[in-house]
Enquirer: 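Right, I'll just put the structure down here and ask away after.
Owing to the predicted nature of the structure, the values given are computational and were not obtained by experimental measurement.
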Amino acid sequence: PALLALGLGGCISLGGPPPESLFTLSATTFAPAGTGAMATADRPVIAVLALDTPAKLDVLRVPVQVTDTELAYLKEAFWVEKPARLFRHLLGETLRARGGNNALVLDGDETVALATTTVRGTLAEMGYDARSQSAVVRFDAIRVDAKGNATTRRFEARESGVAAEARAVGSALNRAANTVAGEVAVWAVEG
């Protein structure tokens, strides 16, 4: 077995060297430590469900729209986890920060049977547009209330004048994602 493992070692490649750094999304507003919420009859429960994405975002790379029909990936730009999952958690944290103790917010894989409001949708864009030198985040949201009424809305934020460099794009995407998450949070709570 040891000789077999050594022989296979030359056939197996675990990829190139690890990236210098990985991107994540960091909330600009947080719920204070020690805050919490409990589900009661008079307190809403907001569940942020798993988000859909197009194939270009279902990877750990940052997409670059080169032309209307050409897509590439930004050199040396890697997410720590897939963008839809990162944005879902950012949206949950933003909802917690803006809702205070007025709502219980669930943004993981917790049971959502108690939810009075659900937010889901498609993270349609989270990348770089080379034509306009912009970082772009676009989210097509669906909010469903306790009565089953569904409402949709498109949210988009752009950070212009961004160089096609990994760190600059990563910072701009974080700012744009926070802008979108803030707008979605207001919409989800206020209706």
Enquirer: If you define the side chain from C-beta out and look only at heavy atoms, does anything of Val48 sit under 4.5 Å from Arg120?
Expert: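 No; the side chains remain at least 4.5 Å from each other.
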Enquirer: Check whether any side-chain heavy atom of Val180 sits under 4.5 Å from a side-chain heavy atom of Val184, and report yes or no.
Expert: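 A side-chain contact exists here, since the closest heavy-atom pair is under 4.5 Å.
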Enquirer: Among the clusters formed by ILVMFWY side chains lying less than 4.5 Å apart, do Leu25 and Val136 turn up in the same one?
Expert: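 Leu25 and Val136: separate clusters.
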Enquirer: Measure the shortest side-chain to side-chain distance between Ser21 and Arg167 over non-hydrogen atoms and say whether it is less than 4.5 angstrom.
Expert: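 The answer is yes, as the side chains (C-beta and beyond) meet within the 4.5 Å cut-off.
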Enquirer: With sequence neighbours left out, which residue pairs that include part of residues 133-159 fulfil the ring pair (Phe, Tyr, Trp, His ring centres under 6.0 Å) condition?
Expert: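 Checked against ring pair (Phe, Tyr, Trp, His ring centres under 6.0 Å) - neighbours excluded - the pairs reaching residues 133-159 are Phe87-Phe139, Phe155-Trp187.
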Enquirer: For Thr122, which of Leu57, Asp52, Leu51, Thr53 qualifies under side chain to side chain contact (heavy atoms under 4.5 Å, CB included)?
Expert: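 Only match with Thr122 under side chain to side chain contact (heavy atoms under 4.5 Å, CB included): Asp52.
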Enquirer: Taking the side chain as everything from C-beta on, heavy atoms only, tell me whether Arg88 gets closer than 4.5 Å to Leu123.
Expert: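 When only atoms from C-beta onward are counted, Leu123 and Arg88 do not touch, as no gap falls below 4.5 Å.
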Enquirer: Is the backbone N or O of Lys56 less than 3.5 Å from a side-chain atom of Tyr73, with the two atoms forming a donor-acceptor pair by type?
Expert: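 A pair under 3.5 Å: yes.
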Enquirer: For Val59 and Pro83, which heavy atoms make the closest approach, and how far apart are they?
Expert: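 The pair with the smallest heavy-atom distance is O-CD, 3.3 Å.
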Enquirer: Any heavy-atom pair between the side chains of Thr152 and Asp140 that's under 4.5 Å?
Expert: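 No, side chains not in contact.
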Enquirer: Quick one, Gln65 and Leu71 - any side-chain contact, counting heavy atoms below 4.5 Å?
Expert: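 The answer is yes, as the side chains (C-beta and beyond) meet within the 4.5 Å cut-off.
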Enquirer: For the pair Glu156 and Arg158, find out whether any cationic side-chain nitrogen is under 4.0 Å from an anionic carboxylate oxygen.
Expert: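 So Glu156 pairs with Arg158 through a salt bridge.
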Enquirer: Testing the basics here: between Leu173 and Val62, what is the closest heavy-atom pair and its distance to 0.1 Å?
Expert: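 Closest approach of Leu173 to Val62, heavy atoms only: CD1-CG1, 3.9 Å.
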Enquirer: How long is the straight-line distance from CG of Leu91 back to CD of Glu183, given to the nearest 0.5 Å?
Expert: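 Between Glu183 CD and Leu91 CG, I get 11.5 Å after rounding to 0.5 Å.
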Enquirer: Tell me, do Leu86 and Phe23 make a side-chain contact under 4.5 Å, heavy atoms counted?
Expert: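 Side-chain contact under 4.5 Å: no.
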Enquirer: Of all heavy-atom pairs between Met126 and Pro63, which one has the smallest distance, and what is that distance?
Expert: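 Taking Met126 first and Pro63 second, the nearest heavy atoms are O-CD, 3.6 Å.
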Enquirer: Rounded to the nearest 0.5 Å, what separates atom OG1 in Thr28 from atom CD in Glu93?
Expert: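 Thr28 OG1 to Glu93 CD: 10.0 Å, rounded to 0.5 Å.
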Enquirer: Enter the distance from Leu22:CG to Trp79:CH2 here, rounded to the nearest 0.5 Å.
Expert: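 The CG atom of Leu22 sits 11.0 Å away from the CH2 atom of Trp79.
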Enquirer: Would a hydrophobic clustering, with Ile, Leu, Val, Met, Phe, Trp and Tyr connected at side-chain separations under 4.5 Å, put Val144 with Val186?
Expert: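 The answer is no; the residues belong to distinct hydrophobic clusters.
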Enquirer: Which pair of heavy atoms, one from Ala188 and one from Val119, lies closest together, and at what distance?
Expert: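 In this case the closest contact between Ala188 and Val119 is CB-CG2, 3.8 Å.
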Enquirer: Who pairs with Glu165 by salt bridge (charged side-chain N to carboxylate O under 4.0 Å, His left out), at least two apart in sequence or on another chain?
Expert: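 Here no residue qualifies.
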Enquirer: Apply side chain to side chain contact (heavy atoms under 4.5 Å, CB included) to the pair Leu60 and Lys82, showing each step before the final yes or no.
Expert: CA-CA 5 Å; Leu60 297 176; Lys82 291 182 180 179; 4.0 Å; yes
Enquirer: Under the salt bridge (charged side-chain N to carboxylate O under 4.0 Å, His left out) rule, collect the residues that match up with Arg131, sequence neighbours excluded.
Expert: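 Expected list: Asp68, Asp129.
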Enquirer: Mind listing the closest non-hydrogen atom pair of Arg61 and Phe78 along with its distance?
Expert: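 Smallest interatomic distance, heavy atoms only, reads CD-CE2, 3.2 Å.
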Enquirer: In Å, rounded to the nearest 0.5 Å, how long is the span from CG of Leu49 to CD1 of Ile142?
Expert: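 So the gap between those two atoms works out to 10.0 Å.
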Enquirer: So which heavy atom on Arg98 is nearest to which on Ala185, and how close?
Expert: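 That closest heavy-atom pairing would be CD-CB, 4.0 Å.
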Enquirer: Measure the CG-CG distance between Asn174 and Asn178 for me, rounded to the nearest 0.5 Å.
Expert: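 Going from the CG atom of Asn174 to the CG atom of Asn178 covers 5.0 Å.
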Enquirer: Just so I know, are the side chains of Leu106 and Val45 near enough to count as touching, which here means a heavy-atom distance under 4.5 Å?
Expert: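 Contact flag for Leu106/Val45 side chains = yes.
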